[in-house]
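Comments concern the structure below.
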Amino acid sequence: MLCGQERNCESSDTVLKKEVQMTPTPARVRFAPSPTGYFHIGGARTALFNWLYARHTGGKFILRIEDTDRKRFHSDALQDHLQGLRWLGLQWDEGPEVGGDYGPYFQSQRLHFYQEWADWLIEQGAAYRCYCTTDELNEMRDRQRATKQKVGYDRRCRWLSPAERAAREAAGKSWVVRLAVPLEGEVTFHDAIRGDITYANAQLQDAVLIKSDRWPTYHLANVIDDKMMKITHIMRGDEWLSSVPLHWHLYQAFGWRPPVWAHLPVILNPSGKGKVSKRAIQTPSGATIPVFVHEYQKMGYLSPAVVNFLTGIGWALDGETEIYDRETAIAAFDIHNIQASPGAFPTDKLEWMNGMYIRQMSTEALLSALVPFLSEQLGVEAETLGHDPRLRLLAPAIRERIKTLRDAAPLIDFIWAEDVPIPTAKDLVPRKTTPEQTRVILAAIIERLQHLCEWSEPTIETALRALVGELGVKAGQLFNPIRVAVTGKDVTPPLFVTLAAVGQDVTVQRLQRALAVLTG
RNA sequence: GCCCCCAUCAUCUAGAGGCCUAGGAUGUCAGCCUUUCAAGCUGAAUACAGGGGUUCGAACCCCCUUGGGGGCACCA
């Protein structure tokens, strides 16, 4: 039917190199999730690469919902995908909620296309109805395994005579449609990332195209939709590579020219062993981190950081620059410098990168990002927090101490706590200092701070530094007991701003309480 | 088991036959800074899986081995 000469033009590297140099023609690419589960971080990478390529070429990023698996359908999954894509800023040009000229974009609304084309394939002799039941197939496979034969559909229904078919139809037997793949020969197709790949047809199965419920399988639906939606490049996970020969034969049977295939390397666990899990990622330290996009959002990762991070798995801007915005990535992105080799999910790098993005935020931006997290973690009204001058005072100090937005609360919870734990003498007395020395120092501090007229970071600093000189002690001997007494912690944001935020009355009161511990 | 894909520091990666005694980043370690913790700065250690070819020359091309991954459903 088709089309050797058309295929040839894709399998030549020289042509590909020319394409790189030319201004790219606008691509139509798609992200085609199945709403059987939540939006996975690996899926986000696939979506992102497609989106980058669409933007790079000035083309279209299409969102298509592959909801043909009715058994595993989850009603929340679709919204989770839409929400996740929006959070990442990967707005689609055609698809659910935005429409487009090639809809509908839900496969469940396109069933008639698949059925019509399947019938057409049967008429052409490229496909056939198979009447085998699940039980029969299982039995067949069991027997194949027992006799150590190759496991796979034995094509028994492919060779049925018209009379045999008529009998089965008359008996009302249920059926599926299978593709009649060539028994001999081989198929060579081109992958933009991997080059030419050859499969022996003998390895292929007569795959099911239409299930007994009359719904299509992925194989049929994706080929028809990609054609009808004028998809130019298929960028999807590596796990699809081995079904390309099947799709190739479908394109062949339809007489259509296939899009460019580009199979992205899978993301492996951080250990480098095994594909990243569908549920949780195991870090080398034994902890687990989540895999769903909405979980990253909840954990206080920033969407630009996640996007930047994800671009770096399987692709690199220039091999030097790590932090860059999406416009920079769009300008440089190309299918031909996507890696072929699978890569582990570098969790440490995500942490670092998120911290970098947080540190680049303005105080104002940080504050508004932080408030929902603090509100939830500290149990304080968001409205109240948003106007709290103490938070504003502390924001610059916590900015360089957190890797995620969720890290902030434990750092500054003493501000909103009803009370902080009463420190023990052991906590209050620094190394190389006696309890008696600390008692004297604390008393002097109280005396000094109590009478401070203006309570602010600089005035507190001036007063306390002066005291260090007057008492002839080391800075730490004076500062550390204050920290512990006032916050109940030995690790806090810088002391002076912390005291300024806590307030004069509370500071003095907590210092007195600590002094009592040492006196009593 | 069969088929396909892949192979540069622990990890993400740069590298298109000479620019490579292999570059960047994370992580690790050390130093500086310092009121704690961070951040920042400086420095250090760590890689072309192994073996054969091809070539004047190979991390880059070919083959084999090994290792890793994916697939073999009326799931996508």
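Hydrogens, waters and symmetry mates play no part in the numbers below; they use all other heavy atoms, side chains included. All chains are named by letter (A, B, ...) in the order of the sequence lines, taking the proteins before the strands, and each is independently numbered beginning at 1.
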Does [X] make a side-chain N or O approach to OP1 or OP2 of [N] shorter than 4.0 Å?
{"X": "A:R72", "N": "B:rA76", "value": "no"}
{"X": "A:R145", "N": "B:rG1", "value": "no"}
{"X": "A:R465", "N": "B:rU35", "value": "yes"}
{"X": "A:Q339", "N": "B:rA14", "value": "yes"}
{"X": "A:K489", "N": "B:rC37", "value": "no"}
{"X": "A:K211", "N": "B:rA73", "value": "no"}
{"X": "A:T198", "N": "B:rC4", "value": "no"}

Nucleotide nearest [X] when distance is taken to its side chain, options [options]:
{"X": "A:W352", "options": "B:rA38, B:rU35, B:rU26", "result": "B:rU26"}
{"X": "A:E322", "options": "B:rU35, B:rG24, B:rC75", "result": "B:rG24"}
{"X": "A:R359", "options": "B:rC3, B:rC12, B:rG40", "result": "B:rG40"}
{"X": "A:I197", "options": "B:rU13, B:rC5, B:rC37", "result": "B:rC5"}
{"X": "A:A475", "options": "B:rC74, B:rU26, B:rU35", "result": "B:rU35"}
{"X": "A:D348", "options": "B:rG27, B:rC6, B:rG40", "result": "B:rG27"}
{"X": "A:A344", "options": "B:rU35, B:rA39, B:rU11", "result": "B:rU11"}
{"X": "A:A340", "options": "B:rA39, B:rA76, B:rC6", "result": "B:rC6"}
{"X": "A:Q203", "options": "B:rC2, B:rU35, B:rC6", "result": "B:rC2"}
{"X": "A:T492", "options": "B:rG40, B:rA76, B:rU36", "result": "B:rU36"}

For [N] and [M], measure between their [atom1] atoms and round to the nearest Å.
{"N": "B:rA10", "M": "B:rU66", "atom1": "P", "result": "23 Å"}
{"N": "B:rC63", "M": "B:rA7", "atom1": "C1'", "result": "16 Å"}
{"N": "B:rG67", "M": "B:rA47", "atom1": "C1'", "result": "16 Å"}
{"N": "B:rG71", "M": "B:rC9", "atom1": "P", "result": "24 Å"}
{"N": "B:rC48", "M": "B:rA38", "atom1": "P", "result": "33 Å"}
{"N": "B:rG40", "M": "B:rU26", "atom1": "P", "result": "9 Å"}
{"N": "B:rC75", "M": "B:rC6", "atom1": "P", "result": "30 Å"}
{"N": "B:rC2", "M": "B:rG18", "atom1": "C1'", "result": "43 Å"}

Calculate the interatomic distance between [X] atom [atom1] and [N] atom [atom2]; express it in whole Å.
{"X": "A:Y357", "N": "B:rA25", "atom1": "OH", "atom2": "C1'", "result": "14 Å"}
{"X": "A:Q144", "N": "B:rG1", "atom1": "CD", "atom2": "C1'", "result": "13 Å"}
{"X": "A:K403", "N": "B:rA38", "atom1": "NZ", "atom2": "C1'", "result": "8 Å"}
{"X": "A:I323", "N": "B:rG24", "atom1": "CD1", "atom2": "P", "result": "17 Å"}
{"X": "A:F39", "N": "B:rA76", "atom1": "CZ", "atom2": "C1'", "result": "15 Å"}
{"X": "A:H247", "N": "B:rC4", "atom1": "NE2", "atom2": "P", "result": "18 Å"}
{"X": "A:F479", "N": "B:rC37", "atom1": "CZ", "atom2": "P", "result": "15 Å"}
{"X": "A:L428", "N": "B:rU36", "atom1": "CG", "atom2": "P", "result": "17 Å"}

Both distances below 3.5 Å, Watson-Crick or wobble geometry, any strand: find the nucleotide opposite [N].
{"N": "B:rC19", "result": "none"}
{"N": "B:rA10", "result": "B:rU26"}
{"N": "B:rA39", "result": "none"}
{"N": "B:rC33", "result": "none"}
{"N": "B:rC2", "result": "B:rG71"}
{"N": "B:rU55", "result": "none"}

Do we see a donor-acceptor contact under 3.5 Å between the side chains of A:N222 and A:E66?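 No - no donor-acceptor pair under 3.5 Å links their side chains.
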N/O donor-acceptor pair, side chain [X] with base [N], under 3.5 angstrom:
{"X": "A:S212", "N": "B:rC74", "answer": "yes"}
{"X": "A:K349", "N": "B:rC12", "answer": "yes"}
{"X": "A:R194", "N": "B:rC5", "answer": "no"}
{"X": "A:E239", "N": "B:rG71", "answer": "no"}

Spacing of [X] atom [atom1] and [Y] atom [atom2] [to the nearest 0.5 Å]:
{"X": "A:F49", "Y": "A:I335", "atom1": "CZ", "atom2": "CD1", "value": "11.0 Å"}
{"X": "A:Y357", "Y": "A:L366", "atom1": "OH", "atom2": "CG", "value": "16.0 Å"}
{"X": "A:I193", "Y": "A:W315", "atom1": "CD1", "atom2": "CH2", "value": "13.0 Å"}
{"X": "A:E470", "Y": "A:L478", "atom1": "CD", "atom2": "CG", "value": "10.5 Å"}

What contact category does [X] fall into here, base, sugar-phosphate, or nothing, at under 4.0 angstrom with non-hydrogen atoms?
{"X": "A:Y218", "result": "base"}
{"X": "A:G152", "result": "nothing"}
{"X": "A:W240", "result": "base"}
{"X": "A:V176", "result": "base"}
{"X": "A:F309", "result": "nothing"}

Any side-chain heavy atom of A:M235 within less than 4.5 Å of one from A:T46?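 The answer is no; the side chains never approach within 4.5 Å.
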With side chains defined as the heavy atoms from C-beta onward, is the minimum distance between A:S34 and A:D67 less than 4.5 Å?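 The answer is no, as the side chains (C-beta and beyond) never meet within the 4.5 Å cut-off.
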Only one of A:E136, A:R168, A:E169 clears side-chain hydrogen bond (donor to acceptor under 3.5 Å, both in side chains) with A:Y131; which?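 Looking at A:E136, A:R168, A:E169, the match for A:Y131 under the side-chain hydrogen bond (donor to acceptor under 3.5 Å, both in side chains) is A:E169.
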Nearest heavy-atom pair of A:R236 and A:Y218: which atoms, and what distance?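 That closest heavy-atom pairing would be NH2-OH, 3.1 Å.
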Are A:R156 and A:D154 close enough for a salt bridge, meaning some N to O gap below 4.0 Å?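 Salt bridge flag = yes for A:D154 with A:R156.
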